**Q** 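My structure is below; once you've seen it, I'll send some questions.
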Number of protein chains: 2
Amino acid sequence: MAEGSTGGENLLFLTDEQLRKGIEAMFFAYRGFTADPDRILAQHNYGRAHHRALHFINRSHGTTVNNLLSVLGVTKQSLNRVLRTLIEDGLVESRVGRRDRRERHLFLTDKGRALEAALSEAQRARMRAAYRAAGPQAVAGFRQVLEAMMEDDIRHHYQQLRETR
Amino acid sequence: MAEGSTGGENLLFLTDEQLRKGIEAMFFAYRGFTADPDRILAQHNYGRAHHRALHFINRSHGTTVNNLLSVLGVTKQSLNRVLRTLIEDGLVESRVGRRDRRERHLFLTDKGRALEAALSEAQRARMRAAYRAAGPQAVAGFRQVLEAMMEDDIRHHYQQLRETR
DNA sequence: ATTTTATGTCAGTGTTGTTGACTTTCCAAG
DNA sequence: CTTGGAAAGTCAACAACACTGACATAAAAT
């Protein structure tokens, strides 16, 4: 995928100013990235943490609390606060595991799926616009750089997401 | 720069799953992006807000508080709390404006420059590694997509940063 | 029977953001 | 010169979201 054009002259172009430009691009773009969901969340009195929980429960239905913890990289106390409100509000359902009854498997309810879809669609719309503006080749590069930027022990959470196309 | 291969088939590839993959890439990569500076900041009892202030004061020496506010996108109360500690700790100097003496112009002290350099170098090191792993063409795409993802009224803060190369 | 694992909960703390109200300083227009 | 308003700073209160530490419960594993 990243073969071919990575010639020999790709060490010279890494000036500090270009790197700084990349750093600021990440900073400003991440603000845009979260802006649309944030507006929806505010209407429901939720925050980004709720969005993340909804996203990853939707991504892998029936995931356990422990798995969610390692994906999100927060403490159980922090996640639990968010999860409790989502369960109380009827967006998430927690079912005792059948094989291992210590585990809780998490599912979105219809209501939860609806909010997740609204948040996701808002975020996808911006991503879609950015992708279209930049073109397919840029998208490939975008994802290559981002993947290389992740922490090593986190990358597998990203890669395990299949892309059926 | 990104001319040529942006043919006609670049509308079909925008499946929801690919967009979701991009969304997760942003999420996981941003964690990596902030991880190294966060470790340094923790040693100094500072947070990300301090890093951002140091970065943008360093980027434009003598900037006013108001300008910094619009770049950072926070309230003056929020910025002021951070700025006050940086001034107290002797990392930032605040000089009354000569033309307009209501304004305060912000500068890094030697001590401030030293911390900014440490934070910046840690962040650049990861960016540099990601750039090298992905290759120059990927870097161009990376920046194109990020720029398209920014909010319209924010993008000029990014673009005004010159790149002398 | 004991230990470990998975989860949940309570209490306290810190950073970073917010609103709202208020003051001081000071440029500029009337 | 007075006044209006912009710029900056301060104080108080609050909320979201992260943390640590301690403890409880249930169930699996040893």
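None of the values given here were measured: they were computed from a predicted structure. Only this structure's heavy atoms are used, side chains among them; waters, hydrogens and symmetry mates stay out.
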**Q** Tell me every residue that passes side-chain contact (heavy atoms from CB on, under 4.5 Å) with A/A125, counting only those two or more places apart in sequence or in another chain.
**A** A/E121, A/R128

**Q** Starting at the 5' end of DNA chain D and moving along, which residue's nearest nucleotide shows up first, B/Q77 or A/S78?
**A** B/Q77

**Q** Which pair of non-hydrogen atoms, one from B/R155 and one from B/A148, has the smallest distance, and what is that distance?
**A** NH2-O, 3.7 Å

**Q** To check you understand the geometry: which heavy-atom pair defines the closest contact between B/L54 and B/E116, and what is its length?
**A** O-CG, 3.6 Å

**Q** Checking A/T109 side chain against A/L91 main chain: does a donor-acceptor pair fall under 3.5 Å?
**A** yes

**Q** Quick check: on DNA chain D, is the nucleotide nearest A/T75 upstream (toward 5') of the one nearest B/R104, or the reverse? Name the residue that is more 5'.
**A** B/R104

**Q** Apply side chain to side chain donor-acceptor pair (under 3.5 Å) to B/D89 and list each qualifying residue two or more places apart in sequence or on a separate chain.
**A** B/Y46

**Q** Looking at residues 28-49 of chain A, who's got a heavy atom less than 4.0 Å off DNA chain D?
**A** A/G47, A/R48, A/A49

**Q** Could you give the start and end, 5' to 3', of the contact zone on DNA chain C for chain B, using atoms under 4.0 Å from its heavy atoms?
**A** C/dT15 to C/dC27

**Q** Do B/Y131 and B/R126 have a side chain donor and acceptor closer than 3.5 Å?
**A** no

**Q** I want to check a possible cation-pi pair here: B/R52 against A/F27, using under 6.0 Å from ring centre and within 45° of the ring axis as the test.
**A** no

**Q** On DNA chain D, reading 5' to 3', which nucleotide is the first and which the last to sit with an atom under 4.0 Å from a heavy atom of chain B, could you check?
**A** D/dG5 to D/dC11

**Q** Please work out if B/R81 contacts a base, only the sugar-phosphate, or nothing of the nucleic acid, heavy-atom cut-off 4.0 Å.
**A** base

**Q** Cut-off 3.5 Å, no hydrogens considered: what does the side-chain donor-acceptor table look like for residues 63-75 of chain A, sequence neighbours left out?
**A**
| residue | atom | partner | partner atom | Å |
| --- | --- | --- | --- | --- |
| A/T63 | OG1 | A/N67 | ND2 | 2.7 |
| A/T64 | OG1 | A/N67 | N | 3.2 |
| A/S70 | OG | A/N67 | O | 3.1 |
| A/S70 | OG | A/H157 | NE2 | 3.4 |
| A/T75 | OG1 | A/S78 | N | 3.3 |

**Q** Is it the case that A/S120 and A/H55 place a side-chain donor and acceptor less than 3.5 Å from each other?
**A** no

**Q** Should A/S94 and A/H105 be marked as a side-chain hydrogen bond (donor to acceptor under 3.5 Å, both in side chains) after you check the CA-CA gap, both sets of side-chain angles, and the distance that decides it?
**A** CA-CA 6 Å; A/S94 168; A/H105 297 277; over 6 Å; no

**Q** Contact class for A/H50 (heavy atom, under 4.0 Å): base, sugar-phosphate, or nothing?
**A** sugar-phosphate

